[in-house]
Trainee: 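Before anything else, here's the structure in question.
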Amino acid sequence: MKSKILCDNHDYNPGQIEPYWQKAWQESAVYEPDLLVVKQPFYNLMMFPYPSAEGLHVGNMYAFCGSDIYGRFKRMQGYDVFEPIGLDGFGIHSENFALKIGQHPKNVIRRTEANFYRQLHAIGNAFDWSHRLETYDSNYYKWTQWIFIQLFKNGLAYRAKASVNWCPSCKTVLADEQVINKSKVKSQKSKVGTRVLPGDRQVCERCQSPVEKRELSQWFFKTTAYAQRLLDGLNKIDWSEKVKIAQRNWLGRSDGVLLKFSSDIERDSFIEVFTTRPDTIYGATFLALAPEHPSLPLIIDKSKGLLRQRIREYVDYSKNKSFEERRIKSKTGIKTNFHGVNPLSGEKVSIYIADYVLPSYGTGAIMGVPAHDQRDFEFAKEHGIEIIEVVSGGDISKEAFSGEGILVNSDKFNGLSSNTSIQRITQHIKSKHIGTTSVTWHLRDWIISRQRYWGSPIPIIYCQKCGDRGKSWFSTKEAKKFKILNLKFKIEMAGWYPVPEKDLPVELPYIKNFKPTGTGVSPLAQDPNFVKVKCPECGGEARRETDVSDTFLDSAWYFLRYPSIGMENGKWKMENFPWNPEITWKWLPVDMYIGGAEHSVLHLLYSRFLWKVFYDLGYFDFSAKSPKGQLGGSAKMPVSGWEEPFTKFRAHGLLISKGVKMSKSRGNIVTPDAYIEKYGADTLRCYLMFCGRFTQGGDFRDSGIEGMSRFLKRIWRLVQKNLKLRSFPSEKKIENLKLRGEAEYMMHKTIKRVTEDIESLDYNTAIAALMEWLNALEERAVGGSESAVGSRNKKNLQTTNYELVTREEVETLLLLLAPFAPHMTEELWQRLRAPINADKNQRISADANQQKSALWSIHQQPWPKFDPKLAESKKIVLVVEVNGRVRDKIEVDRGIDREEAEKLALKSNKVTKYLQNKRVKRVIFVPDKLINLVV
RNA sequence: GGUCCGGUGGUGAAAUAGGUAUACACGCAGCACUUAAAAUGCUGUCCGCGAGAGCGGGUGUGGGUUCGAGUCCCACCCGGACCACCA
């Protein structure tokens, strides 16, 4: 390592300092803990970016810096912090960007990768660059494919027909997250008076055409099998409450009953419905089936003449209807000639087909209770169906009453409250065997397939020959080791085989015309060399699956991969298993995860799902008996156990610009590069964190950053002058100076505030605390007050006021600021620590040996400690109120008792003026805060 | 329509087991330094009345609880985020 030459200029020059220390840190691996050896692992993770656009904007930097500050803080607290970084480069975002600029994704990604990593270096985060990963690297997606295969073999990945979002203009399937509400678009364009109305259009994010539905065969992951555990697990983890709520809502557990209405469609047939309101069953005056309901073919078959024709037309019409039409407010539907019988009232009710009934929720059929459900109410009005009130409390002539009330028109349940009757009726239904209690979820299975190019090819092979004979992987010898007992599943999967694991990865071929085809087939289908493959079972001609997997699959496990990268040891080799057992045991689950709230329900839910699958499949079983190998090193005992991947998660707020959200369409995206160039990364980092509370976001304005620049310059000057003006021969003495009084209190108070504020991510107030302390230190330096420090040479004091700031204070200030401004504090720290050349009375550069010593950097120093007693002032301002109004403030000793406080309060003229000789009826005394005299 | 979060000076924002509202910073004004400007430093800066001490008002609106409410409760208005015909 070359000798470090410390910059000796007086001026703060971030352009010179920052690259210098970034290089030095990397050369001596300050941020690269030995994952196998270190004792106190702390996995500090931030959501990795998708390099889709023109580069990182300050919103991204905001998130990364916030995470980095926490990691640096933890490192100084003695943890061995691992803070990896990578790129989520596969997926529609990146592909769309490539389409937009008319270049191939494989070429674009090389440029964006370089640009992203350049920006990520420039911001000065404590990344461990030796563990980076890119999801589009075949060394990575090999294992994404492997994961797909494990799910397939365990019956958790299956193929089925499903309606998906289809954009007729872009001619492609869209992910759910690419379908947006038109009203949103409007309100973005003109802020004036647009309101979000119900039933707004669902449009394509890119071209704004209305999105349609299409029935396509898709691969699914069975997330619904884990619904209950995904819900239960939320209680074990320390996450932002709003994210937990969002997940609970998305999982959407509804408790209700499944109820059978006997029907005359066929002999002994029935229509089953789900309801959460069994108390309203007596008011069910019709049944409505989704057009996709399984009994539709039979109904059409058994209907006659014109009606048959009309039902068929209606079903076709609604199935192909765009979302826009189907979401329209009017409730369309058609009456069949069939009937059901209300199992409680015994009334005969008509069966309708109505497309406001969703096929994918509940049973795809509902009992219509117009009096107590608004949608049913509208439908009944339109179709002249009887409306019977069974819960009193509303006015059902105007609208449905969905609240709770007292039951009427409900036979023997009349007079009961909704709550009681729900229990009683449910009991009744169960005892009569006409229904059961049931749980329905909003969560649906995860559609994995994407008919796009830029993704990980789904590693599955289809063999027509085997399929015709009803054979599949599930009829192979290997499959017997797995417990897939569902016969129907085996039949449905006929012809499908996973790619043999030894053949992974299935490389994404270079396809010149990577544009979405519009035929519902991925562009990969164009490449015969890719498609043509031998059947792994019969050896005959077969074809590959040409869809790629959803990019959310790539990002659902990346954090498991990071620590293992480049860590081949013992029995574990990268090509054997995706994560090193020893390392994984030691480093996972993630200790702190920071990311955007926009991923509350997608990424964070998918990650939890996969993790639970891995757990069930024994991939975290690293015990000696496990086939995965023996365990070594010291393991951490995760607080949340091994069933959750992220022990702690905090959502950062949204950084807005000039009052509104940053977006391309508004043209208010701020890129960090120019700011780093002008002010330096440290200033930008501090300013970003000062904009507002980290978990709530902030407003980025150019004017504000100037103030932060001033703050850092003042720190620089304080330390620099303190260093320069200090006479070296007496340095020893200065070091021994003891703080006392106000100065001591200020220091301990500031350490306390900064420590607590960083822990709770309130970085803005942590910086404010540092500013307040700096103000106090400067005041002392300029004012020359002697009282703050121990005995001093008075003569010396006149010329060297900056010496009034002690070494201890200067060092503490730098340590507290280090997570926020890592480069500048490092430079000043090294200057303070540089040895002195006695002859020249100058500091000399630290040499290579010194900096090679294990803990040379400021970022490796222990975090300052505070004494809780010293962090409290000796004196406090006691507020004196009369009848709850502030009348005086008196300075008293901390810990003053009630009697003493009252005595002092009554001495104050300002107070007695308001008492006017009236008798004090009551005295409220809040220790060390206030005394309130009530007259 | 649902769920959640927020609404505090000219601006970004502090302060919640109920206890000094506006910390910290920006901006602005005045002053110092300068030939001048920049930079820097100092002083002032919630609003109204007042020369001043001081008095009164004030945390989206209207009520309530309390000795005391930015904070808790009820109703409403506005903004944002996420979800959305979920039975």
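Nothing here was measured: the structure is a model prediction, and the numbers come from that model. Per chain, numbering begins at 1; letters A, B, ... match sequence-line order.
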Trainee: Under the rule syn = chi within 90° of 0, otherwise anti, which is B:G9?
Mentor: syn
Trainee: If you measure from the Lys or Arg side-chain nitrogens to the Asp or Glu carboxylate oxygens, is any gap between A:Lys381 and A:Glu399 under 4.0 Å?
Mentor: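 Salt bridge: no.
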Trainee: What's A:Gln374 touching, base or sugar-phosphate or nothing? Going by heavy atoms closer than 4.0 Å.
Mentor: nothing
Trainee: Classify the nucleic acid contact of A:Ser600 as base, sugar-phosphate or nothing, counting any heavy atom under 4.0 Å across all strands shown.
Mentor: nothing
Trainee: Go nucleotide by nucleotide along RNA chain B from the 5' end; which of A:Ala768 and A:Phe274 gets its closest nucleotide reached first?
Mentor: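 So the residue in question is A:Ala768.
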Trainee: Looking at the side chain of A:Leu358, which of B:G27, B:A84, B:A87 is the nearest nucleotide?
Mentor: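 Of B:G27, B:A84, B:A87, B:A87 is nearest to the side chain of A:Leu358.
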Trainee: For B:G6 and B:A25, measure between their P atoms and round to the nearest Å.
Mentor: 26 Å
Trainee: How would you label the contact of A:Lys242 with the nucleic acid (heavy atoms, under 4.0 Å): base, sugar-phosphate, or nothing?
Mentor: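 The residue A:Lys242 makes sugar-phosphate contact but no base contact.
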Trainee: Can you check whether A:Phe286 and A:Phe379 have ring centres sitting under 6.0 Å from each other?
Mentor: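 Yes, ring centres under 6.0 Å apart.
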Trainee: If pairing requires Watson-Crick or G-U wobble contacts with both distances under 3.5 Å, which nucleotide is the partner of B:G6?
Mentor: B:C78
Trainee: Indicate the atoms forming the closest heavy-atom contact of A:Lys752 with A:Ala871, along with that distance.
Mentor: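 Here A:Lys752 and A:Ala871 meet closest at CD-CB, 3.7 Å.
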Trainee: Figure out the NZ/C1' separation between A:Lys929 and B:U16, and round it to whole Å.
Mentor: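 Spelled out: NZ on A:Lys929 to C1' on B:U16 is 11 Å.
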Trainee: Report the base-pairing partner of B:C55 (Watson-Crick or G-U wobble, both distances below 3.5 angstrom), or none.
Mentor: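 Across all strands, the one nucleotide that pairs with B:C55 is B:G48.
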Trainee: If I pick the C1' atom on B:G70 and the same atom on B:U22, what distance separates them, to the nearest angstrom?
Mentor: 10 Å
Trainee: Using atom C1' of each nucleotide, how far apart are B:C83 and B:A15 to the nearest Å?
Mentor: 33 Å
Trainee: Can you check the A:Arg714 CZ to B:C24 C1' distance for me, whole Å?
Mentor: 11 Å
Trainee: At less than 4.0 Å, is any side-chain N or O atom of A:Arg710 found next to OP1 or OP2 of B:G27? Yes or no.
Mentor: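 It does, given that an N or O in the side chain of A:Arg710 lies less than 4.0 Å from OP1 or OP2 of B:G27.
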Trainee: Does the structure show a Watson-Crick or G-U wobble partner for B:U71, both distances under 3.5 Å? Name it, or say none.
Mentor: none
Trainee: Return the nearest nucleotide to the side chain of A:Trp250; candidates are B:C83, B:A87, B:A21.
Mentor: B:C83
Trainee: In whole Å, what separates the P atom of B:U43 from that of B:G48?
Mentor: 24 Å
Trainee: Choose from B:G12, B:C67, B:A87 the nucleotide whose nearest atom is closest to any side-chain atom of A:Phe690.
Mentor: B:G12
Trainee: Measuring from the side chain of A:Asp699 (C-beta onward, heavy atoms only), which nucleotide among B:U20, B:C83, B:G12 has the closest atom?
Mentor: B:G12
Trainee: Looking at A:Tyr356, does the NZ or CZ of A:Lys331 lie under 6.0 angstrom from its six-membered ring centre and within 45 degrees of the ring axis?
Mentor: yes
Trainee: Whole-Å distance between B:A25 C1' and A:Phe700 CZ?
Mentor: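 Going from CZ in A:Phe700 over to C1' in B:A25 covers 15 Å.
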Trainee: Could you give the CG-to-P distance, from A:Leu770 to B:A25, as a whole number of Å?
Mentor: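 The answer, rounded to whole Å, is 12 Å.
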Trainee: Taking the same atom, P, in B:G58 and in B:G9, what whole-Å distance lies between them?
Mentor: 14 Å
Trainee: Whole angstroms only, please: what is the CD-C1' distance between A:Glu598 and B:C83?
Mentor: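 Taking CD of A:Glu598 and C1' of B:C83, I get 15 Å after rounding.
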Trainee: Can a donor-acceptor pair be found between the side chains of A:Asp255 and A:Thr437 at a distance below 3.5 Å?
Mentor: no
Trainee: Could you tell me if the ring centre of A:Phe711 sits under 6.0 Å from that of A:Phe820?
Mentor: no
Trainee: Give the rounded distance in Å between these two atoms: CZ of A:Phe694 and P of B:A14.
Mentor: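 These atoms are roughly 14 Å apart.
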Trainee: Looking across every strand, which nucleic acid part, if any, lies under 4.0 Å from A:Ile245 by heavy atom: base, sugar-phosphate, or nothing?
Mentor: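 A:Ile245: backbone/sugar contact only, no base atoms under 4.0 Å.
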Trainee: Donor-acceptor pair, A:His372 side chain versus A:Ser402 backbone, under 3.5 Å?
Mentor: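 Such a contact is absent between A:His372 side chain and A:Ser402 backbone.
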Trainee: Which comes earlier along RNA chain B counting from the 5' end, the contact point of A:Gly697 or that of A:Gly884, where each point is its nearest nucleotide?
Mentor: A:Gly697
Trainee: If you check every side-chain atom of A:Val934, which of B:U20, B:A25, B:C67 has the closest atom?
Mentor: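 Out of B:U20, B:A25, B:C67, the nucleotide with an atom closest to A:Val934's side chain is B:C67.
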Trainee: With a 4.0 Å cut-off on heavy atoms, is A:Ser254 in touch with a base, just the backbone sugar-phosphate, or nothing at all?
Mentor: sugar-phosphate
Trainee: Rounded off to whole Å, could you give me the NE2-to-P distance for the A:His652 and B:G80 pair?
Mentor: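 Result: 20 Å.
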Trainee: Does B:G41 have OP1 or OP2 sitting under 4.0 Å from an N or O in the side chain of A:Arg717?
Mentor: yes
Trainee: Could you check whether any side-chain N or O of A:Asp762 sits under 3.5 Å from a backbone N or O of A:Thr765, counting only pairs where one atom can act as donor and the other as acceptor?
Mentor: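 Flag not set: sc A:Asp762 to bb A:Thr765 has no pair under 3.5 Å.
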Trainee: Starting the side chain at C-beta, find the nucleotide from B:A87, B:U20, B:G19 nearest to A:Thr275.
Mentor: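 That would be B:A87.
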Trainee: Of the listed nucleotides (B:A25, B:A15, B:G56), which one gets closest to any side-chain atom of A:Arg887?
Mentor: B:G56
Trainee: Measuring from the side chain of A:Val879 (C-beta onward, heavy atoms only), which nucleotide among B:A87, B:A25, B:U20 has the closest atom?
Mentor: B:U20
Trainee: What is the base-pairing partner of B:A15, counting Watson-Crick and G-U wobble geometry with both distances under 3.5 Å?
Mentor: none
Trainee: Under 4.0 Å, heavy atoms only, any strand: does A:Arg753 hit a base, just the sugar-phosphate, or nothing?
Mentor: nothing
Trainee: Under a 3.5 Å cut-off for both distances, is B:A21 Watson-Crick or wobble paired, and to whom?
Mentor: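 Paired with B:A21, as far as the under-3.5 Å criterion goes, is no nucleotide at all.
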Trainee: Scan A:Asn764 against the nucleic acid and name what it touches under 4.0 Å (heavy atoms): base, sugar-phosphate only, or nothing.
Mentor: sugar-phosphate
Trainee: Rounded to whole angstrom, note down the C1' distance from B:U11 over to B:G50.
Mentor: 29 Å
Trainee: For the C1' atoms, the ones on B:A17 and on B:C72, what distance do you get once it is rounded to whole angstrom?
Mentor: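 Their C1' atoms lie roughly 12 Å apart.
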Trainee: A:Gly707 near the nucleic acid: base, sugar-phosphate alone, or nothing, with a heavy-atom cut-off under 4.0 Å?
Mentor: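 Result for A:Gly707 = sugar-phosphate.
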Trainee: How far, in whole Å, is B:C47 from B:A29 if one measures between their P atoms?
Mentor: 15 Å
Trainee: Can you tell which of A:Leu604, A:Leu605, A:Leu234 makes a side chain to side chain contact (heavy atoms under 4.5 Å, CB included) with A:Val243?
Mentor: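 Only one of A:Leu604, A:Leu605, A:Leu234 forms a side chain to side chain contact (heavy atoms under 4.5 Å, CB included) with A:Val243, namely A:Leu604.
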Trainee: Reckon A:Arg922 touches a base, only the sugar-phosphate, or nothing at all at heavy-atom distances under 4.0 Å?
Mentor: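 Result for A:Arg922 = base.
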Trainee: Of the candidate nucleotides B:C24, B:U20, B:C83, which contains the atom at the shortest distance from the side chain of A:Asn775?
Mentor: B:C24
Trainee: In whole Å, I'd like the distance from the CG atom of A:Asp757 to the P atom of B:A23.
Mentor: 17 Å
Trainee: Less than 4.0 angstrom between a side-chain N/O of A:Arg693 and OP1 or OP2 of B:U16, yes or no?
Mentor: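 No, no such contact exists.
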Trainee: Give the nucleotide from the list B:G19, B:A87, B:U20 with an atom nearest to the side chain of A:Val886.
Mentor: B:U20
